[in-house]
Colleague: 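Provided herewith is a single structure, encoded as structure tokens, for subsequent inquiry.
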2 protein chains.
Amino acid sequence: MHSPELVKGTLQTIILKLLADNGRMYGYEITQKVRDLSDGKLVVTEGALYPTLHRLEAENLLITEKEHIGKRVRKYYRLTETGKSSVTERIGEFENFVKTMFTILNLNPGMI
Amino acid sequence: MHSPELVKGTLQTIILKLLADNGRMYGYEITQKVRDLSDGKLVVTEGALYPTLHRLEAENLLITEKEHIGKRVRKYYRLTETGKSSVTERIGEFENFVKTMFTILNLNPGMI
DNA sequence: TATTTTTACCTAAGTTTCCAATGTATTAAA
DNA sequence: TTTAATACATTGGAAACTTAGGTAAAAATA
């Protein structure tokens, strides 16, 4: 598991990117996808996920669609147009941040 | 300037690494070094720096030496042995985190 | 020489963002 | 039939920052 402090601030970017790649996803699906992609190294807890999803929805980056699966209501999230453009932006920000950190920490880019 | 959320959690690593490279530094010097190395893109505010330095000292990763410069007292920070081993550890953690993020975000490593 | 900027230390209040814990309920598997 | 997995969510508290403020010496500039 990664140091939780490092993960802070990247959750929004992760969510937006996953939605950009997969069209639409529901909350639980996102937690599983992150777990799978990271080989269990990064775990998004529900206490972090749902407030973030609601925040992104309030900021008009996501919209929701409810779907009835048996007796359950599943809530799908999808990027708005604003959301789509902010994905690129945030990934760019993350890349730049990593570049800066590599410079400061004097790390070898080949390490990745 | 980088998104402040991303910077969170990396400050300790930055401080420890700078001290590992420079032997000893004082607070103000650290803020300037980070600014220089990052071309102004990453600014460590004093409100973030000093509490962090004191925390690291309390955790026995740093020790201080006071030096009189004219009428002023300058406080130098230096790594303890524990501090030295934790630098490697934390940089490793950061690298692993970046690797995971690159996987999740499907980024090209060559980008750095 | 007077004033501003830079150097240099620091704290306190407030915000954001997360984690841990808890709650509810359906569906699938053991 | 009981446990695990699925699926939504909230709440309280901790951590780490930002903003703002305080003090004062030394250097640069007007």
Side-chain angles (χ1 to χ4, degrees), chain A residues 1-16 18 24-36 40-59 61-62 64-77 90 93-94 97 101, chain B residues 1-16 24-36 40 42-59 61-62 64-77 90 93-94 97 101:
Chain A
M1 256 286 272
H2 290 297
S3 159
E5 289 79 30
L6 292 175
V7 184
K8 271 185 195 181
T10 58
L11 184 54
Q12 291 195 6
T13 307
I14 291 171
I15 292 172
L16 294 171
L18 289 182
R24 66 172 200 172
M25 297 178 88
Y26 52 96
Y28 187 76
E29 192 183 5
I30 294 175
T31 65
Q32 298 309 304
K33 193 76 180 177
V34 171
R35 194 192 290 267
D36 288 355
K41 277 175 258 170
L42 207 156
V43 175
V44 177
T45 62
E46 296 179 320
L49 178 72
Y50 289 110
T52 303
L53 284 171
H54 301 159
R55 214 177 300 141
L56 291 172
E57 194 185 357
E59 285 168 14
L61 300 182
L62 305 183
T64 59
E65 303 157 22
K66 284 180 184 176
E67 203 153 294
H68 290 267
I69 310 288
K71 285 184 181 175
R72 262 207 295 234
V73 179
R74 187 182 282 170
K75 209 166 158 187
Y76 279 97
Y77 293 86
R90 293 197 193 216
E93 275 176 29
F94 180 74
F97 168 66
M101 283 297 291
Chain B
M1 256 285 272
H2 288 296
S3 159
E5 289 80 28
L6 292 176
V7 185
K8 270 186 194 180
T10 58
L11 183 53
Q12 290 197 8
T13 307
I14 290 171
I15 292 172
L16 293 171
R24 65 170 202 173
M25 298 179 87
Y26 52 97
Y28 186 76
E29 193 183 4
I30 294 174
T31 65
Q32 298 309 304
K33 194 75 180 178
V34 171
R35 193 191 291 267
D36 287 355
L42 207 155
V43 175
V44 177
T45 63
E46 296 181 322
L49 179 71
Y50 289 108
T52 302
L53 284 171
H54 301 159
R55 213 177 301 141
L56 291 172
E57 195 186 357
E59 286 169 13
L61 301 182
L62 304 182
T64 59
E65 303 156 24
K66 285 181 185 176
E67 205 154 291
H68 290 267
I69 309 287
K71 285 183 182 177
R72 263 204 296 232
V73 179
R74 188 183 282 171
K75 210 166 158 186
Y76 279 97
Y77 293 87
R90 294 199 191 214
E93 274 175 31
F94 180 74
F97 168 67
M101 283 298 291

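Chain letters run A, B, ... following the sequence lines, proteins first, then strands; residues in each count from 1.
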Colleague: Quick one: B/Y28 OH to D/dA27 C1', roughly how many Å, whole number?
Modeller: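 Distance check: B/Y28 OH to D/dA27 C1' gives 11 Å.
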Colleague: Whole angstroms only, please: what is the NZ-P distance between B/K33 and C/dT7?
Modeller: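 My rounded result for the distance is 14 Å.
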Colleague: Would you check if B/M101 and A/I14 make a side-chain contact, meaning some heavy-atom pair closer than 4.5 Å?
Modeller: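 Side-chain contact under 4.5 Å: yes.
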Colleague: Rounded to whole angstrom units, what separation is found between the CD atom of A/Q12 and the P atom of C/dT17?
Modeller: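 From A/Q12 CD to C/dT17 P: 6 Å.
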Colleague: Ignoring hydrogens, what is the shortest heavy-atom contact between A/V44 and A/T31? Give both atom names and the distance.
Modeller: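 Where A/V44 meets A/T31 most closely, the heavy atoms are O-CG2, 3.5 Å.
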Colleague: Which whole-number value in Å describes the distance from A/L49 CG to D/dT6 P?
Modeller: 15 Å
Colleague: From the set C/dA8, D/dA16, D/dA7, return the single nucleotide nearest to any side-chain atom of B/R55.
Modeller: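 Looking only at side-chain atoms, B/R55 lies closest to D/dA16.
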Colleague: Given D/dA9, C/dC9, D/dC8, which nucleotide is nearest the side-chain atoms of A/H54?
Modeller: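 Among the listed nucleotides, the one closest to the side chain of A/H54 is D/dA9.
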Colleague: Take the protein atom OH of B/Y77 and the nucleotide atom P of C/dC9, then report the distance between them rounded to whole Å.
Modeller: 7 Å
Colleague: Please pick, from D/dA7, D/dA25, C/dC9, the nucleotide with the shortest atom-to-atom distance to any side-chain atom of B/K75.
Modeller: C/dC9
Colleague: How would you label the contact of B/G47 with the nucleic acid (heavy atoms, under 4.0 Å): base, sugar-phosphate, or nothing?
Modeller: base
Colleague: Using 30° and 60° as the class boundaries, would you call the ring planes of B/Y77 and B/H54 parallel, tilted or perpendicular?
Modeller: tilted
Colleague: In the structure I gave you, are the side-chain heavy atoms of A/L16 and A/L62 within less than 4.5 Å of one another anywhere?
Modeller: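 Side-chain contact under 4.5 Å: yes.
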Colleague: Map A/K71 and A/V44 onto DNA chain C by nearest heavy atom, then report which one ends up closer to the 5' terminus.
Modeller: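 The residue closer to the strand's 5' end, by nearest nucleotide, is A/V44.
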Colleague: Would you mind reporting whether A/E29 and A/Y76 have side-chain heavy atoms less than 4.5 Å apart?
Modeller: yes
Colleague: Is there a side-chain contact between A/T52 and the phosphate of C/dC18, meaning an N or O under 4.0 Å from OP1 or OP2?
Modeller: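 So the side chain of A/T52 is within the cut-off, an N or O lying under 4.0 Å from OP1 or OP2 of C/dC18.
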Colleague: Taking atom NZ of A/K33 as the centre, does the number of heavy atoms from other residues, nucleotides or ligands within less than 6.0 Å exceed 12?
Modeller: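 Atom NZ in A/K33 is not crowded, with 12 or fewer foreign heavy atoms closer than 6.0 Å.
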Colleague: Nearest whole angstrom, please: distance from the C1' of D/dC8 to the NE2 of A/H68.
Modeller: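 In whole Å, D/dC8 C1' lies 13 Å from A/H68 NE2.
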Colleague: B/A48 or A/I69: which one's nearest nucleotide on DNA chain C is closer to the 5' end?
Modeller: B/A48
Colleague: May I ask you to verify if any side-chain N or O of B/Y50 is less than 4.0 angstrom from the OP1 or OP2 atom of C/dT11?
Modeller: no
Colleague: Is there a donor and acceptor pair, one atom on the side chain of A/R72 and one on the base of C/dT27, closer than 3.5 Å?
Modeller: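 Such a pair does not exist between side chain and base.
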Colleague: Roughly how many Å is it from CG in B/L53 to C1' in C/dT11, rounded to a whole number?
Modeller: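 Those two atoms, CG and C1', are 14 Å apart.
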Colleague: Using the side-chain heavy atoms of A/T45, tell me which of these nucleotides is nearest: C/dT7, C/dC19, C/dC9.
Modeller: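 Shortest atom-to-atom distance from the side chain points to C/dC19.
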Colleague: Which nucleotide, C/dC9, D/dA26, D/dA7, lies nearest any side-chain atom of B/Y26?
Modeller: C/dC9
Colleague: Heavy atoms under 4.0 Å, any strand shown: does A/E29 hit a base, just sugar-phosphate, or nothing?
Modeller: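 Contact class for A/E29: none.
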Colleague: Could you tell me how far apart B/L11 (CG) and D/dA15 (C1') are, to the nearest whole angstrom?
Modeller: 13 Å
Colleague: Contact class for B/G70 (heavy atom, under 4.0 Å): base, sugar-phosphate, or nothing?
Modeller: sugar-phosphate
